[in-house]
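Here is the structure we will look at.
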Amino acid sequence: MATQAHSLSYAGCNFLRQRLVLSTLSGRPVKIRKIRARDDNPGLRDFEASFIRLLDKITNGSRIEINQTGTTLYYQPGLLYGGSVEHDCSVLRGIGYYLESLLCLAPFMKHPLRIVLRGVTNDQVDPSVDVLKATALPILKQFGIDGESLELKIVRRGMPPGGGGEVIFSCPIRKVLKPIQLTDPGKIKRIRGCRYSVRVSPQMANRIVDSARSILNKFIPDIYIYTDHMKGVNSGKSPGFGLSLVAETTNGTFLSAELTSNPQGQGAAVLPEDLGRNCAKLLLEEIYRGGCVDSTNQSLALLFMTLGQQDVSKVLLGPLSPYTIEFLRHLKSFFQIMFKIETKPCGEELKGGDKVLMTCVGIGFSNLSKTLK
Amino acid sequence: METKDQKKHRKKNSGPKAEKKKKRHLQDLQLGDEEDARKRNPKAFAVQSAVRMARSFHRNRTQDLKTKKHHIPVVDRTPLEPPPIVVVVMGPPKVGKSTLIQCLIRNFTRQKLTEIRGPVTIVSGKKRRLTIIECGCDINMMIDLAKVADLVLMLIDASFGFEMETFEFLNICQVHGFPKIMGVLTHLDSFKYNKQLKKAKKRLKHRFWTEVYPGAKLFYLSGMVHGEYQNQEIHNLGRFITVMKFRPLTWQTSHPYILADRMEDLTNPEDIRTNAKCDRKVSLYGYLRGAHMKNKSQIHMPGVGDFAVSDISFLPDPCALPEQQKKRCLNEKEKLVYAPLSGVGGVLYDKDAVYVDLGGSHGFQESDEARPTHELVQSLISTHSTIDAKMASSRVTLFSDSKPLGSEDIDNQGLWMPKEEKQVDLKTGRVRRKAIFGGEEDESGDSDPEDDEEMSEGDRLENSSSDETEEEEDAEVTGKVYIADKGAKRQRLEMEEDTEIDLPAFADSDDDLERSSEDEGEVEEADESSEEEGSSAGERDILDSEALEKGSKHSNGLSDRLNLEKKMKKAALTTSDSGHCTAEEAFASEDESEGNSSLSTEEMDSENEALIRKKFPKPSQVVSGQKQGSESLTDETSDIEDLLKEEEEYKEASNYSTETSGALKWKEDLSRKAAEAFLRQQQATPNLQKLIYGTVTEDNEEDDDAREELGGLFRVSQPARECKYKADSLDCSRFHLDVPHDWDLEEVMNSIRDCFVTGKWEEDKDAAKILAEDEELYGDFEDLETGDVHKGKSSLDTQTEDVEEEVKEEIDSSAEESAKKKHLDKKRKLKEMFDAEYDEGESTYFDDLKGEMHKQAQLNRAEFEDQDDEARVQYEGFRPGMYVRIEIENVPCEFVLNFDPHYPIILGGLGNSEGSVGYVQMRLKKHRWYKKILKSRDPIIFSVGWRRFQTIPLYYIEDHNGRQRLLKYTPQHMHCGAAFWGPITPQGTGFLAVQFVDGTTPDFQIAATGIVLDLDKSIKIVKKLKLTGFPYKIFKNTSFIKGMFNSALEVAKFEGAVIRTVSGIRGQIKKALRAPEGAFRATFEDKLLMSDIVFMRTWYPVSIPAFYNPVTSLLKPVGEKDTWSGMRTTGQLRLANRVKLKPNKDSLYKLIVRQKKHFNSLHIPKALQKALPFKNKPKTQAKAGKIPKDRQRPAVIREPHERKVLALLDALSTVHRQKMRKAKEQRHLHNKEHFKAKQKEEEEKLKRQKDLRKKLFRIQGQKEKRNQKSSLKGPTEQLK
């Protein structure tokens, strides 16, 4: 009898997405216990439940068991199905929360995924849709997932706490991924950005720009920050504004930073000037960290390296984020893959902090869902 | 005469000479310098029509053929040291397979193997090894071996011709990737006549070609000499095999696999005793092939089932390729054979015993360097009983008056247990590491070594406070000892020889002697290996220093110890060490020193002599201090006892490690290499790896300072603790900063200045620099012939000095170097330019792709090249070509009990989620040679991927609209779909199906072949279901239909559905009716008849039976392995139980009895009749009515005379008629006779004529003959 691969067991709700995504890709069932077991409000939160529902929508044959209190979750993955899907995300987390996982799964579906996500497009916790569009999609392209059907479109903007945003994400499918060798990030040739404001005066967005430019202009003159003021039905349910900045290098690396105003009714009001300045500083921080992949998408790049052919892939990263470190551990337990990690000290050059060179041999993953015609 | 006859010279007007002259003439006239018409008249050759151009392009087909030759380039992933090539020798029985194998082995190795069982690995050349295996006629074996074969030697009995097995095997090969196939014709000596032989050869060859490919190699073994094939022929065959090239096969290159050549049962004998049928733990050995294999991965053993690898480790190559050398051929020592199942390589497997053959074949006689095979044997000898058994049985007395301790006692302590998972996690290196410290390391997890280090560091500090600097030094040295020891600990055989690594030599050197002395003191251990001793010696040295410290301030030390004990969970290592130390020192310190000293006299190099001398004064010092310590310790005995128990247990464990890894000769300079690699990487990788993965693959002892280095960079320090801490925190991928830089500061801003294009560029990328360089390179050059120096304008002043120097030939070394470099640069640039100029046109997409692949292949090779195997294995997995040992648990006992070495044991690695089951859809075609068609829902055996299994498929065909319609039977000569529930196998994998594997079918066995198309967790195959109903009330176009449904609800579900009558009138269901349940109203395009049947076509999804039954043929008893039978088909069951099929009566064919149909007469309405034209009007004659009386003719009554006259006339006419008839008959007869006579006459005439003609012809012929004769003889006759 073909025994199901023995399941993995974890405790705690942290890194839930990683675990479920890796479980889906590797086909190994996962059991997560003690989800907020000691919390006053134990069990899975709304946004996690919504995430699990989303997984159920895009897969076929998954088995999900949650106990009564919601503190234990058993997930036996099915095959990724894809197709046209709509999903209402929880407003507790941004769409980025869901989108990050979808980015990992979308290339391995049976039918190309075209999904409409509704919820909060920009919030303070998760990477916003703008940033993912600017940074994650180029990474996908590096691995050979490209074509015109790779698209991420913001139809409506929604800010917390009301939400009301809408995003369309579509991604082509691939049987195998290309190995990458990204060891030289190149030099930053331009900085682009997007300031957005919904249900507030458009003047707010304009005030952001000058302060941001005042800092960035010291480094490079090629800066352009687009304005995106959404009105009416496209502006979601809550007011807010923010800025996202993306630095593009000569070698096609994208580094990003973003900042959003406090949600309505939570925290003090944020001055647009401060926001712009702080966001610019965040971008500089990101540049200081450097690498060929920005800190948010490290795990995405590492995952695709793992899922590549049985060839050596290399990528130069900035310091690994805690999320990435945990992700590496998970990669090891799900795929038995270990990365060779070499620290590249910054040395004499004025190129920011230490970098890390990650090397691995892909596991020879192939998309088992894709139909052969 | 002669002079007069001289011919006049004539100019040549045609031929090459004349042409040449003409051309020259034209050239002289400056006319025909363009001989090419294309050039002379380009317009005439211009492309007029693209279509025609394309056609002409394709017509000569060069481009087509060229393109056809291209394969999609793949990355070359063959390892540098590839595994032996699997040569499968296949053929029907009695064809000479074993003889061929024996001859081949003898040819390559000059050894004779009497009995061959299982695979035989031989070194066939400097760069090639072969694994030869015989394949019988069991279809299971054929299927398995076709999947792992690189080369198939297909033996064919030429005197008999092809047999079915050959074709079956060919087809199996074809499905599973088609390895190289070479035919070998045997029994050629049975042909008596040469012509017959030639004919047979040709016939067989052509048949073989049609099956394999035209031109496939076919070998002829002409005959036997003394029961063996002729040497020369075998030699040629061997040559062919050794130079053969192989194409990578998709399945094999994407999956790791092992053809096991050795099997061991590791189950605890006690378990077997208690339950003979318990699941076994088995270790299998073999060369890893195909792809990289990861630990803990899923594997499938064809014929047994799916398993998870519980452990995998690599061993030294038992049949290694010779080291690189310049010689052309191998010497005798390098011609190795390795076939443990056949008893070569030292081990012979019988049914329930293992025989170890020491000596004999020179394959492992190279004792001078202790070949690995030899070690393997050694290790095998010592692995007769398993570790568990030893663990369980060993008892230890710690103190003279205490009762002996067994493993169960230790278990009860509950202090620590080697966690199963951890041990598994830690891989081979970790297990062995235990040889120094003990299982505690495992338990306490990843943080241990550093803690340990810290502890000892602390100890050292204390030590130094006790103002004995010498001791401190010593402690440090010992620390090193233990590190180096770790590096070298696996090299069991090194201990005597290795003089370079002095410290391990010391550590290893306390052997039996010392042990015996130690034993009387405290421990009674049956088999302590020297390695472990070494490690303990190392410990002791560390502990000596500790003991000293205790001596000086023992109360302090004691409290310290107690503290340590509290910290047990984290740092059991040190504490246990100290425990060990105290106990040992307390009870056997003298002994030990004795032992050590005796040792030191015994064997020591000049190098470590000094070292040991330095050390040995110490124990005597220790003793004094130690005794105090021990006294003070007596009250703490209970605590220490615990520690000691641990220690003992650890020692037991270490036995295991030494035994499993003991025989590892390994690469001699592994430790050196590792050290080098480590040094190289130490700066680069300060244990980031450890931070993330918990363990570092390289030596991970020195890490505490590295941590500080990375403090700013990495935040997660203690994975376990951190995890717990973070278990329920926010799940967010953003990397927030705790302490952001102050970007207002100038220096902070400067730190990223170069990240921008506005910043400083690297040397090789700075535009200005590159420009200058180019100028430098191309601007000036030196004409080497004349010695002239041409200088570039821009770099004039900079270059002059150089040039002058050159001219003067006063070149200092640096200048020369730079000049050389410059020259090289120049060359390179020129080459680049040349390439760009000439290669651009040539480089196609294909070339680019190939180049890319090549680059990737080089990168793959280079990336981990400098790493030692231990580390490499962690990153890449075990790479193909390694000789590995795989441990598998929960193997059915039958596998071991019914082990038959003749059957191949294959461990096929499975990819991700290939271990799970789901619905598999494939394209299938019944094999054209299979006699029957296949029926849906009949169980059938598939061979897909590594697996052979029985399942119940459903056959379907896809309609034009994508609907998958169930088929009852497979089509005869067409592809159809098949879907079954079974293991998920990647798309594009070929498969074959057989109905039975028990060898009962006399015909061709392969029922179907095909390819996997799709995998899913659900499936939709439908079959047609027609619902019928009858009208019971008919209006104009509306009818009421009943009998189709049973309830109104059912009708509601089908409202709007299309229905049809048998006569073809289409309609639609409208609404349910109340009256008869299930009736409904429907509208049609025409009025129905009451006799019409209304039906609705629906599609009903069928479910696929979830039946998956692996063919466990290897579990069958020996000799019955080819008799596996699974689920039987209904047909078979019916046959076996003699149940006759009761067919549905309605389905029976019977004679069609048609009732006579009575049609009503045609009735045309009057109105219509009236309107019809006369032509079409029914012509109905009014029935003749009764003739009225007045019109009736009166009856005639004759007179008597008249009656007489009439009678006479009647008689006369009768007579006349008679006469006439008679005359006619007469005439007819006469005519007939006349005709006969005439015919006779004619015949005679013809005969006469024929005779005449015959005569005439004869005469004519004679005449002609005579003429001919005379003409032939002509001259001679004339002469006469």
Side-chain angles (χ1 to χ4, degrees), chain A residues 2-5 11-17 26-27 36 60-61 78-79 100 125-127 179 187-189 218-220 250 281 284-285 287-288 290 295-296 299 310-312 319-323 325 328-329 332 336 338 340-343 349-352 354 359 361 364-366 368 371-372, chain B residues 75 77 254 291-292 294-298 306 308 684-686 688-689 692-693 713-716 726-729 731-735 737 740-741 743 749-758 856 859-860 863 874-876 912-913 915-917 983-984 986-988 1013-1018 1108:
Chain A
T3 49
Q4 270 290 340
C13 69
N14 204 2
F15 311 113
L16 178 88
R17 284 180 300 164
S26 70
R36 301 198 181 86
N60 183 20
L79 284 171
E100 274 183 304
V125 186
D126 292 302
K187 290 187 184 297
I188 291 162
K189 59 178 179 186
K218 291 173 198 161
F219 295 96
I220 194 160
T250 48
K281 283 179 181 172
L284 294 181
E285 198 67 54
I287 291 166
Y288 180 81
S295 61
T296 325
S299 58
Q310 296 189 323
D311 290 321
V312 170
L320 304 181
S321 69
Y323 187 81
I325 288 176
L328 284 170
R329 290 185 192 134
K332 186 170 184 233
Q336 283 93 38
M338 252 173 89
K340 185 169 140 194
I341 303 167
E342 290 163 283
T343 322
E349 292 161 343
L350 303 175
K351 283 190 160 184
D354 291 355
T359 312
V361 180
F365 185 85
S366 79
L368 284 178
T371 310
L372 198 70
Chain B
V75 180
R77 300 200 180 93
S254 59
H292 293 288
K294 299 246 158 59
N295 203 353
K296 309 280 161 234
S297 54
Q298 290 266 104
D306 275 21
T685 322
L688 233 175
Q689 207 99 34
I692 291 162
Y693 294 120
L713 203 51
F714 301 104
R715 258 139 261 283
V716 183
K726 292 193 304 186
D728 280 338
S729 65
D731 180 12
C732 176
S733 64
R734 269 161 80 165
F735 188 5
L737 266 195
H741 292 84
W743 289 103
M749 270 161 61
N750 278 337
S751 68
I752 59 166
R753 204 49 93 177
D754 288 347
C755 290
F756 295 86
V757 281
T758 49
Q856 182 70 48
L859 182 73
N860 290 353
E863 184 56 36
Q874 297 257 311
Y875 295 130
E876 297 182 304
N912 276 300
S913 64
S916 61
V917 283
I984 281 175
Q987 311 90 330
L1013 291 182
D1014 198 7
L1015 310 159
D1016 213 335
K1017 292 282 183 184
S1018 64
Y1108 165 63

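Residue numbering restarts at 1 for every chain, and letters A, B, ... go by the order of the sequence lines.
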- Item | Residue among B:Asn912, B:Asp1016, B:Asp731 with most heavy-atom pairs under 4.5 Å to chain A | B:Asp731
- Query: Rounded to the nearest 0.5 Å, how far apart are CG of A:Leu79 and NZ of B:Lys1017?
  - Reply: 5.5 Å
- Would you mind telling me which of B:Ile984, B:Ile752, B:Thr758, B:Leu1015 has the largest number of heavy-atom pairs within less than 4.5 Å of chain A? B:Ile752
- Task: Count the heavy-atom pairs under 4.5 Å between each of A:Ser299, A:Pro179, A:Ser366 and chain B, then report the option with the highest count.
- Result: A:Pro179
- Task: Output the option from A:Gly364, A:Gly352, A:Gly61 having the highest count of non-hydrogen pairs under 4.5 Å with chain B.
- Result: A:Gly352
- Query: Hey, what do you get for CZ (A:Phe365) to OG (B:Ser254), rounding to the nearest 0.5 Å?
  - Reply: 13.5 Å
- Residues B:Ser729 and A:Asn14: side-chain donor-acceptor under 3.5 angstrom: yes
- Query: Can you tell me how far CG of B:Asp754 sits from CD1 of A:Ile188, rounded to the nearest 0.5 angstrom?
  - Reply: 11.0 Å
- Message: Looking at every non-hydrogen atom in both residues, tell me the closest pair between A:Lys332 and B:Tyr693 and how far apart they are.
- Response: CD-CD2, 3.5 Å
- Message: Counting heavy-atom pairs under 4.5 Å with chain A, which one of B:Glu876, B:His741, B:Lys294 comes out on top?
- Response: B:His741
- Item | Shortest non-hydrogen contact between A:Gln310 and B:Asn860, atoms and distance | O-ND2, 3.8 Å
- Note on the structure: Looking only at A:Thr359, A:Val125, A:Val361, A:Thr296, most heavy-atom pairs under 4.5 Å shared with chain B are made by A:Val125
- Under 4.5 Å heavy-atom distance to chain A, tell me which part of B:Ala291 shows up: side chain, backbone, both or neither. both
- Message: As an exercise: rank A:Lys281, A:Glu285, A:Gln336 by heavy-atom pairs under 4.5 Å with chain B and give me the winner.
- Response: A:Glu285
- All heavy atoms of A:Asp311 vs all of B:Gln856, minimum pair found to be CB-NE2, 3.2 Å
- Note on the structure: For A:Gly27 and B:Ser913, the nearest pair of non-hydrogen atoms, with its separation, is CA-CB, 3.9 Å
- Item | Proximity breakdown for A:Thr250 and chain B, heavy-atom pairs closer than 4.5 Å | side chain
- Item | Point-to-point distance, once rounded to the nearest 0.5 Å, from CZ of B:Phe756 to NZ of A:Lys218 | 12.0 Å
- So, the part of B:Arg753 with a heavy atom under 4.5 Å from chain A: the answer is both
- Considering all heavy atoms, the nearest A:Asp126-B:Arg734 contact: O-NH1, 2.9 Å
- Item | Which atoms of A:Glu100 approach chain B - backbone, side chain, both or neither, heavy atom under 4.5 Å | side chain
- B:Tyr875 versus A:Met338, closest heavy-atom pair with distance: CD2-O, 3.8 Å
